[in-house]
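As structure tokens, the structure follows; a few thoughts come after it.
Values below: every heavy atom of this structure, side chains too, minus hydrogens, waters and symmetry copies.
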Amino acid sequence: MSSTIFEPGLNHFLVVSALLFSLGIMAVLSKRNVIMVLMGVELILNSANINLIAFSRFTELSLDGQMIGLFVIIIAAAEAAVALAIVLNVYNRFKTINLDEINLLKG
Amino acid sequence: MVENTLYSISLYLPEIVLVVTLCIIIVADLVLKNKEQVIAWIMLSGLATAGFFVIIQAGTVENIFFGMAALDPFATFFKVLLIITGIFVVLFSIKNRELEGYSSRMGEYYMLFTGMMLGMLMMAGATNLLLMFLALEIASISSYVLAGFTKRSLRSSEAAMKYIIYGAVSSGVMLYGISLLIGVTAATDIYAINDAISAGVEQTMMLNISVLMILVGLGFKIAVVPFHFWAPDVYEGAPITIAALLAVASKIAAFAMLIRLFSVSFIDASGLSATGTWSSVEGIHWNLLLGGMAALTMIVGNLTALRQDNIKRMLAYSSIAHAGYILIGLVIMSSEGLTSIMIYLFIYLFMNLGAFYVAMLFMNKAGTESIEEYKGLGHRAPLAGVALTIFLVSLTGLPPTGGFVAKLYIFGAAISAGWIWLVAVAGITTIISLFYYIRVVRNMYFFKPDEDAGRIEFDTLSKAILIALLVPVLLTGLYFQPVLEFARNSMLMFGF
Amino acid sequence: MELTTILFYLFALVTLGSAAIMVFSKNIVHSAFALMFTLMGVAALYVLLYADFLAATQLLVYVGGILILILFGVMLTSQGYTLSFKTITVNLIPASLISVGIAALLIFAFLTTNWTISEVAERTDTVYDLGMLLMGDYILPFIAVGVLLLIAIIGAILMSTRLSADNEGAS
Amino acid sequence: MFTNLPIIILLLPLLAFILMIFIGNKLPRKGDWLATGMMALTLVLSVVLLITKVGSHSADVFTSSLDWVVIGSKTIGVGIMIDNLAAIMLVVVTLVSTLVHLFSIGYMEGDIRYSRYYAYLGLFSFSMLGIVLTNNILLMYVFWELVGISSYLLIGHWYEKKSASNAANKAFIVNRVGDFGMFIGIMILFISFSSFTFEAIFDSISAGKLPFGSEGWLTAAGVLIFSGAIGKSAQFPLHVWLPDAMEGPTPVSALIHAATMVAAGVYLVARVFPMLTADALMVIAYIGAITALIAATIAITQFDIKKVLAYSTISQLGYMIMALGVGAYTAGFMHLVTHAAFKAGLFLGAGSVIYAMHAALHKLHDHDTDAQNIRNMGGLKAKMPVTYWTFLIFTLAISGIPLTSGFLSKDEILAGTLAFSTINGHWLLPLIGFTVAGLTAFYMFRLFILTFHGKTANEKILGGVIESPKVMTIPLMVLAALSLFFFYSFNPFGASSGWFYSAVVRPVSIVPELLQPAAYPVFYEAVSSVHTIAMVLSIIIAVAGVFLAFLVYEKKKISAEKLAQHAGFLYKGATNKWYFDEIYNRVFVNGSHVIMKALRWFDETIIDGIVNGAATVTQLFASISGWIDTNIVDGLVNGTASTANRAGRLLSYIQTGKVQTYLLFVLFSLLVLFILFL
Amino acid sequence: MELNIFGIGILTWIVFIPIVGMIIVLLLPDKNRNAIRWTAAVATGIQVVLAGIIFAFFDRAKLGINDAESFQFMEKFSWITVEAVPWVGRIEINYFLGIDGLSVLMIILTSLIAFIGVISSWNIDKMVKGYFALYLLLVTGMMGVFVALDFFLFFIFWEVMLLPMYFLIGLWGGPRREYAAIKFFIYTFVGGILMLLTMLALYFSVAYTDPATGQSVHTFNILHMMNPANYVDGGLLSGVDTTWRYVAWMALFINFAIKIPLFPFHTWLPDAHVEAPTPISVILAGVLLKLGTYGLLRINFPIFPDATVYFIYFMAALGMISIIYGAFCAMAQDDFKKLIAYSSISHMGIVVLGIAALNTQGMVGGVLQMFNHGIITAVLFLSVGVLYDRTKKRGLYDFGGIATQMPKYTGLAMIGMFAALGLPGLNGFVSELFSFLGAFEAYKWITIISVTGIIITAGYILWTIQRVYLGKTPEKLTDLKDITPREVLMFVPLIVLIILLGIYPAPAIELMNSSLSHLVEFIHGGGM
């Protein structure tokens with residue numbers, strides 16, 4: 001284990017992931033544009049992946065973490081593809097992809 | 001290793017059947033013309049075969065695919081439920097007029113539907129966090145698209161988009177939670193996690209955070225307050241068949257996963273007493289949290305349902321409320337509670353599908369989803385009217401319908417565990433629920449139909465489906481021993 | 001300071017910095033490119049964590065796939081070049097409060113948590129081990145993810161293609 | 001003999017009732033002969049019974065009973081009891097009833113509900129005989145109410161008239177007030193002694209058992225039972241119904257509201273006499289005295305022939321009650337009997353007059369002149385001789401002039417009150433007694449003179465008046481004969497030597513000694529010592545009253561108007577019946593109207609309002625927009641669950657339709673949960 | 001005592017005959033109205049016959065209440081049994097029917113009123129099939145409640161009545177029928193939820209040891225719930241005089257009080273009565289209200305003797321308030337049906353007061369009053385119905401002089417009125433007498449105040465008679481026909497009973513005397 005707090009240990013990576021996570025949340029919550037929101041989701045997924053891989057590096061978890069990370073990347077890709085297809089469809093219907101303008105369903 | 005894999009495959013037949021069905025549908029979609037009906041029947045037979053294998057395998061308790069999944073009575077129970085739901089929804093889909101304009105795309109519809117069924121079946125059996133997440137995603141991604149299937153409709157498109165964004169964020173948060181949980185316990189298998197937790201976890205705070213985040217994802221699937229917001233919008237926008245599927249199957253699968261995760265991972269294995277009550281890991285009051293959520297869910301679901309005019313939306317809120325009642329079973333943290341959840345889900349399946357189905361029939365024939373415009377429908381369509389009345393009465397929880405038995409067991413389990421306040425909330429909200437259910441009945445019967453509006457007739461298949469849904473609702477109200485025994489015998493989970 | 005330390009901070013800075021740019025930029029194209037740097041930074045972090053295969057996958061799938069997809073999305077959904085590339089923010093105050101809150105909480109939790117660290121031997125090559133796992137323990141997810149991709153493809157095609165007899169805009 | 005005969009006597013009128021109800025209308029002459037005949041048969045049987053009882057079994061009491069119901073371990077029986085009291089009363093009831101039946105053949109001729117009328121008479125007779133014959137207080141209460149209902153039906157015989165149905169209602173409800181007390185009294189007795197029979201109750205009391213172990217409750221029980229008598233015998237303060245009851249046919253007034261039913265209260269007090277404490281008796285005595293006085297004063301001022309008689313009835317009943325209260329048991333009961341004869345006679349006489357007046361008016365097609373107002377009469381002496389002479393005998397009897405039966409009994413009562421005052425100094429009672437005696441003589445002769453003597457204001461009417469038919473005059477003659485002294489005692493100045501006094505003996509008090517009234521020997525001695533004084537005094541006063549009446553109304557030496565002016569507020573009060581009706585109207589009728597309206601409002605607004613929640617307000621606004629009628633259930637939803645609804649609305653506001661807002665809530669909840677779990 | 005017909009117990013027959021009728025009705029074609037009516041009449045008629053058989057064979061001496069051995073015509077079958085699994089004991093729900101002195105009279109009442117209801121429904125022309133189907137379902141529910149000895153079964157029958165009633169009022173009622181129907185529904189539903197929760201709490205607190213297997217079995221058996229020995233240690237409702245037992249008692253009490261209805265839970269009743277069609281009013285007042293008091297006696301009292309004693313003053317006071325309050329409110333009404341509805345509140349108050357006395361007279365009086373009131377209000381509502389059929393009016397001020405127009409009818413109606421007024425010689429008096437007698441033994445002042453109710457009752461009844469039957473006939477009402485033979489047929493059995501029981505109530509009282517005495521002892525013994 002490292003002797004100084006500057007030497008990158010588990011916590012360092014986790015902090016990075018936490019920040020990335022919250023930036024993702026920020027994007028999700030504050031951007032009107034759907035695509036920006038999707039980008040935020042990618043950030044969240046990446047932050048989770050950083051966690052997983054960091055754990056696989058520093059704990060007994062070993063390769064399982066990486067394995068899951070791998071699957072997550074694939075899932076993220078699939079999700080992004082479908083999401084963008086749906087967004088495209090929405091754009092074709094609504095002529096906008098600003099989330100706050102798409103609210104026929106409410107109440 | 002290979003032997004294990006092969007053996008596991010032999011125990012994973014239902015899922016494999018579905019994959020095969022998916023492939024057949026793809027091929028059939030390419031080859032056949034006028035394929036709608038054929039594909040529907042292919043899917044039905046696929047589901048039936050899967051169901052057949054599920055039943056054949058009933059009773060087996062086995063850990064398969066290197067601990068990735070389990071085949072146990074618990075999973076079997078939920079798979080049976082899921083397949084029944086699937087079969088009904090396929091039948092609904094055949095009858096649904098909404099889908100008529102999309103005949104060229106019905107192949108895809110059934111492909112995605114099959115995919116969703118596959119995902120849900122996997123959810124019921126998954127014992128590894130990765131597989132759980134993966135199964136969840138399979139089910140989710142298919143349902144995102146299905147929700148937007150009627151592309152011409154603005155509402156449907158909007159529903160799909162909202163659903164996927166909401167879902168992506170929720171699953172992202174859940175994944176983050178999973179990553180933390182994995183980090184804390186250094187394990188991905190839920191039994192290993194339990195071992196780790198039982199051995200004593202120092203990072204309690206981390207554990208709490210991770211579970212909370214996982215709850216966001218599962219809560220999203222089940223639609224419990226405060227993670228329910230998507231449900232009404234999506235149900236309203238989606239084709240009614242898919243709304244029914246989401247309200248019933250999706251919920252059943254998510255509950256299966258939630259129960260397995262909670263009752264396997266987060267309990268104090270040493271505290272599992274002979275009476276079947278268990279306690280969560282020291283220092284964590286999951287039951288209180290879940291109880292709070294259950295109460296909130298019942299309150300919000302029922303209160304909001306009061307004001308809805310769209311029947312799908314009303315049923316959406318009602319199914320949110322029902323998720324609250326079901327959650328009570330988990331709060332109790334006992335086998336009794338879980339049994340009552342299973343009974344509830346079993347009955348909920350029929351009554352909720354029934355309500356959706358009649359709503360669909362009315363939409364087909366009378367072209368309305370508005371409860372206000374249901375006036376006089378009971379006189380125009382006596383059978384459907386009576387059936388809807390019975391379904392709604394059952395949803396209210398009045399005897400002699402199944403809904404009563406469902407509530408009876410949930411309430412009973414809660415009372416016996418001493419959760420009086422929760423039961424009180426449940427009781428009060430049940431009373432509130434009466435208002436919006438009865439309003440439909442009142443509109444159907446207490447108004448004379450227009451003079452020129454004739455009787456609504458249904459074809460034989462429609463009637464048969466209706467009866468098939470109606471009979472279990474009434475039967476379970478009077479003689480529910482089989483359900484009870486089925487549920488109790490299915491309490492056995494791998495490793496427990 | 002060791003090299004890894006310096007590299008860590010560098011990559012962390014790149015990752016978070018470009019992520020911040022992505023989030024706060026008003027131009028969606030800028031955001032997309034910032035996202036690319038973020039993803040690359042993450043890949044670099046993976047390398048630091050002995051996950052070379054994952055780093056490669058990250059670059060391939062994310063930077064090569066997802067990002068392109070996103071850019072396509074951007075292009076396809078904007079009628080005018082300048083106008084709608086500006087993305088206006090909503091819920092700014094509550095959103096920032098929540099994300100700051102979550103960040104603070106998470107960091108606080110991470111820092112106060114006493115992790116059980118086990119020193120794992122440095123890995124030089126993970127590809128073989130991952131491959132073995134995929135064919136062994138992870139065979140089921142491996143197959144399942146294949147199905148997932150199939151479904152996603154079907155879904156994406158369904159959603160993005162036009163209906164044959166479809167008059168757009170009608171509902 | 002003493003088991004079967006009474007039951008036959010009891011059931012014959014019931015049979016008559018049933019027959020008349022179901023087939024009365026189909027019989028020839030609408031069945032009047034059947035009803036009358038059966039009543040006459042009853043009379044014959046009763047006389048046989050009386051003669052046998054008093055003649056050969058004077059000291060015995062015959063009871064027989066059978067089980068009615070078993071409740072828990074308590075058995076409640078029904079049964080009959082024959083003692084001299086009952087036997088005498090039987091004859092009184094059946095006699096008057098028979099005569100009234102007979103009289104009615106003439107009086108009610110051509111009535112649209114003729115057979116119904118006879119049916120009700122049968123029902124009444126049955127109930128009245130029930131009161132007389134029963135051996136237990138519950139059964140007494142049962143028949144008590146039944147006579148009430150028959151009275152109600154008969155008062156309301158001409159129910160098309162609003163006043164008739166009003167009077168019927170009033171009679172029943174006012175009686176219910178009295179019965180309410182009686183009912184509670186009965187409950188006290190039953191709870192304490194587990195039995196309803198007089199015998200068992202008296203046995204328990206004499207064994208020293210007290211209700212709830214308290215002497216106060218014994219007094220209370222007595223007074224409460226007596227309150228039944230207050231109602232039925234029209235005692236102050238429940239006397240208000242009787243004058244109104246004159247809305248019924250006059251024969252009914254004679255039977256029910258003069259001779260029998262109203263006397264049932266007296267009979268009741270006589271029945272429970274042994275268990276009454278001194279305090280209870282004191283209350284009874286004073287109630288009787290007050291009633292006697294009030295009614296007598298009102299009677300002076302009335303002009304309706306039946307009203308005068310009604311008030312005189314109340315007054316006389318007050319006498320009887322007072323007599324029982326002071327301990328002059330036999331005198332009181334005897335007055336009941338004698339009064340029954342002469343008051344029934346008076347009413348029938350009045351009926352005869354009214355009948356004649358009606359007939360005369362009818363011929364003239366005059367429907368405005370009041371046939372019952374004595375100011376429209378006068379000088380009937382010549383036109384209706386039988387009625388005149390019999391009426392004179394009755395008037396003498398009620399005024400207490402020697403040689404009449406009334407003198408015998410009244411004299412004994414006055415002696416009793418005087419004796420009572422000598423024993424314990426309640427001088428007010430004899431004072432009232434003698435005053436009322438004078439007043440009675442005065443107003444009765446006022447009535448008599450104004451009706452039969454002098455000249456009428458309207459010759460035209462009287463020209464057409466003729467004597468009533470035989471069926472009506474024969475009962476008058478019979479009753480006139482019975483108003484003479486020799487039927488009761490061969491000594492015209494001393495009743496106590498007659499058969500009646502030996503047959504009806506004051507029973508021994510059984511209450512604990514401390515609570516007992518003056519014992520009979522003591523009382524008897526006191527009576528003997530004051531008897532002569534009382535007799536002389538009563539004769540003087542009665543004669544003075546008669547004389548004064550002649551002075552004022554026959555000779556017109558004193559102007560009645562002037563007298564009235566002198567009397568001032570007293571006269572005004574008396575004419576207005578001392579404002580009892582007004583006060584009751586204000587307090588009870590209006591009071592209950594106010595209460596009921598208030599409660600109705602309370603029920604519809606508050607109780608239901610709570611249920612409907614703030615609905616009332618919502619509905620108010622809603623009804624303005626005309627929205628509520630089509631959306632009643634919505635209204636209810638809005639109502640009952642208005643809070644719920646508001647919450648629902650709030651919650652659906654949260655459902656904005658914007659997915660980011662949703663996520664905001666989700667993540668916010670997550671944050672909150674984090675904080676909670678840290 | 002057992003009595004089987006074709007191998008099936010008589011109680012099952014009497015409960016489910018209407019269901020058979022309902023099925024036949026549903027199978028008959030819509031058009032064939034008379035066949036539908038006759039089916040209903042035959043089904044309910046058979047019930048009357050069966051009730052007669054029960055009356056004849058009923059053993060008057062047996063105690064019942066808490067003793068399974070002394071119930072009569074018992075039928076007990078296992079309905080739902082789930083064998084014990086490791087974590088929870090056996091579950092057992094029985095199909096358990098039986099009657100004792102408490103229920104036998106109610107059965108007779110129910111069958112009679114149901115039959116008369118069918119006769120008075122004869123002229124209903126709207127949706128005849130639906131009407132009679134629902135009607136027969138309702139009858140089964142009512143009958144079932146009176147014979148069920150398993151709480152679960154009791155509850156099912158209880159709630160089964162809810163929906164038919166809702167529709168019967170809501171579809172065949174007057175102008176404000178929806179409001180009335182939903183109000184009835186909600187009130188009763190609230191009560192039902194309370195009962196459900198209490199029932200569950202009881203279920204989990206009670207377990208008896210199965211003699212055959214030695215297992216501890218949770219049970220819904222009402223009789224087992226009465227035995228303190230059956231309460232499990234630490235159960236929610238175990239022990240004596242615990243707060244939870246009071247809460248449970250109160251919850252049940254509110255449920256039953258809503259049905260009775262007791263002040264202040266009564267406001268559904270006037271609305272429901274006013275809007276309901278005549279036969280349904282008859283059923284409602286004649287039978288449904290009795291379910292409340294029956295429930296108190298069958299469930300509240302013997303299962304919670306401690307809480308009963310604790311709350312008994314409160315209950316008596318509510319009874320008193322209902323008597324007075326109902327009477328005054330009745331007096332204030334302008335609507336004939338509403339008046340009778342409020343008078344029902346008042347009369348049911350007497351029942352409550354009587355049973356609250358906790359002594360034999362009071363209980364006997366109370367139960368008898370249940371029966372009598374059922375018959376009397378039936379007559380009253382039928383009388384209103386007769387008038388309403390002819391004039392389409394219900395306002396008290398709309399009438400007058402009916403006695404001259406319709407003398408036969410007036411005679412019958414008046415007997416009902418007088419019985420309601422508590423006239424001796426008619427049945428109302430007997431039961432009121434015993435109720436008050438019993439109550440007086442227990443509570444002097446409450447009873448004294450209550451007895452003033454009889455004065456008010458006399459007031460409003462006579463006033464009603466005066467306004468409706470007496471006086472001059474308004475011009476509009478001069479062509480009324482006197483009652484038809486069908487109408488006479490529905491009045492006569494009731495009138496005969498009114499008079500018969502008024503004169504000689506012993507046949508009714510001896511049916512229940514021993515059971516109720518036993519119940520009283522049982523309560524005072526604290527459930528021992």
| Residue, of B/Thr389, B/Leu484, B/Leu408, that accumulates the most heavy atom pairs under 4.5 Å with chain E | B/Leu408
| said: Under a 4.0 Å threshold between the charged nitrogen and the carboxylate oxygen, would E/Glu178 count as salt-bridged to E/Lys183? | reply: no
| Should the ring pair E/His224 and E/Tyr208 be called parallel, tilted or perpendicular, given that the plane angle runs from 0 to 90° and is split at 30 and 60? | parallel
| request: Classify the angle between the aromatic ring planes of E/Tyr131 and E/Trp172 as parallel (below 30°), tilted (30 to 60°) or perpendicular (above 60°). | output: perpendicular
| query | Using non-hydrogen atoms only, which part of E/Trp244 is less than 4.5 Å away from chain B: side chain, backbone, both, or neither? | reply | side chain
| task | Measure E/Leu196 against the heavy atoms of chain B and call it side chain, backbone, both or neither at under 4.5 Å. | result | side chain
| task | Pick one of side chain, backbone, both or neither for B/Ile420, based on which atoms fall under 4.5 Å of a heavy atom in chain E. | result | side chain
| request: Mind running salt bridge (Lys or Arg N to Asp or Glu O under 4.0 Å) on E/Lys76 and E/Asp150 for me, showing each step along the way? | output: CA-CA 9 Å; E/Lys76 189 173 182 180; E/Asp150 187 282; over 6 Å; no
| said: Between B/Asp309 and B/Arg439 (salt bridge meaning N to carboxylate O under 4.0 Å), is one present in this structure? | reply: yes
| task | Pick one of side chain, backbone, both or neither for B/Ala413, based on which atoms fall under 4.5 Å of a heavy atom in chain E. | result | backbone
| said: Quick check on the interface: out of B/Val423, B/Ile428, B/Leu434, who has the most heavy-atom pairs with chain E under 4.5 Å? | reply: B/Leu434
| query | Side chain, backbone, both or neither: which part of E/Phe157 has an atom under 4.5 Å from a heavy atom of chain B? | reply | neither
| request: Could you label the plane-to-plane angle of the B/His379 and B/Tyr445 rings as parallel, tilted or perpendicular, counting under 30° as parallel and over 60° as perpendicular? | output: perpendicular
| request: Assess the pair B/Tyr409 and E/Phe204: is the distance between their ring centroids shorter than 6.0 Å? | output: no
| message | Need one label for B/Phe404: side chain, backbone, both or neither, based on atoms under 4.5 Å from any heavy atom in chain E. | response | side chain
| remark: Applying a strict 4.5 Å limit to non-hydrogen atoms, the region of E/Leu163 in contact with chain B is side chain
| query | By a 4.5 Å heavy-atom criterion (distance strictly below it), what part of E/Ile193 contacts chain B: side chain, backbone, both, or neither? | reply | side chain
| Any side-chain heavy-atom pair from E/Lys259 and E/Phe265 closer than 4.5 angstrom? | no
| request: Name the option with the most non-hydrogen atom pairs under 4.5 Å to chain B; the candidates are E/Val160, E/Leu197, E/Leu236. | output: E/Leu197
| Under 4.5 Å from any heavy atom of chain E - which part of B/Thr401 | neither
